[in-house]
Amino acid sequence: MKINKIIGILLAVIGAIGEVYALMTINSDKNASILYGRYTYAPPFTDHEITYITIAAVSALLLIVGLIVLFLKKGKKE
């Protein structure tokens, strides 16, 4: 297996895991009881909200880059 394929798979897996984790945490925070945190994910954002929004954005970027690297074909034939 070529190094580009390995890097693409690795980036895509890390991005997918991070995206699922961040979105599940955001969903849990928004649906939690009033006694637990009160995160609304509406401006002005708390430090916790900014952290998970950033994790979601970076994970989505890693997933996209990983898929591009994975399916990118070089011009020359081998």
Criterion side chain to side chain contact (heavy atoms under 4.5 Å, CB included) against Ile55, the qualifying member of Val58, Thr51, Ile53: Thr51
Shared hydrophobic cluster for Leu67 and Leu61 (ILVMFWY, side-chain gaps under 4.5 Å): no
Shared hydrophobic cluster for Ile9 and Ile17 (ILVMFWY, side-chain gaps under 4.5 Å): yes
Check: Glu49 side chain, Thr40 main-chain N or O, donor-acceptor pair, under 3.5 Å: yes
Polar side-chain atom of Asn31 near backbone of Asn27 as donor-acceptor pair, under 3.5 Å: yes
Any donor-acceptor pair under 3.5 Å from Ser28 side chain to Met24 backbone: no
Cluster overlap Ile6 with Phe71, hydrophobic side-chain contacts below 4.5 Å: yes
Side-chain donor-acceptor contact under 3.5 Å, Asp29 with Tyr41: yes
Glu19 side chain vs Ser59 backbone, donor-acceptor pair below 3.5 Å: no
Asn4 vs Leu72, side-chain contact (heavy atoms from CB on, under 4.5 Å): CA-CA, chis, key distance, verdict: CA-CA 9 Å; Asn4 286 347; Leu72 187 66; over 6 Å; no
Same apolar cluster (I L V M F W Y, side chains within < 4.5 Å links), Ile14/Ile7: yes
Aromatic ring pairing Tyr52/Tyr21, orientation class (parallel under 30°, perpendicular over 60°, tilted between): tilted
Hydrophobic cluster membership, Val69 vs Ile3, 4.5 Å side-chain cutoff: yes
Lys30, NZ atom: more than 12 neighbouring heavy atoms under 6.0 Å: no
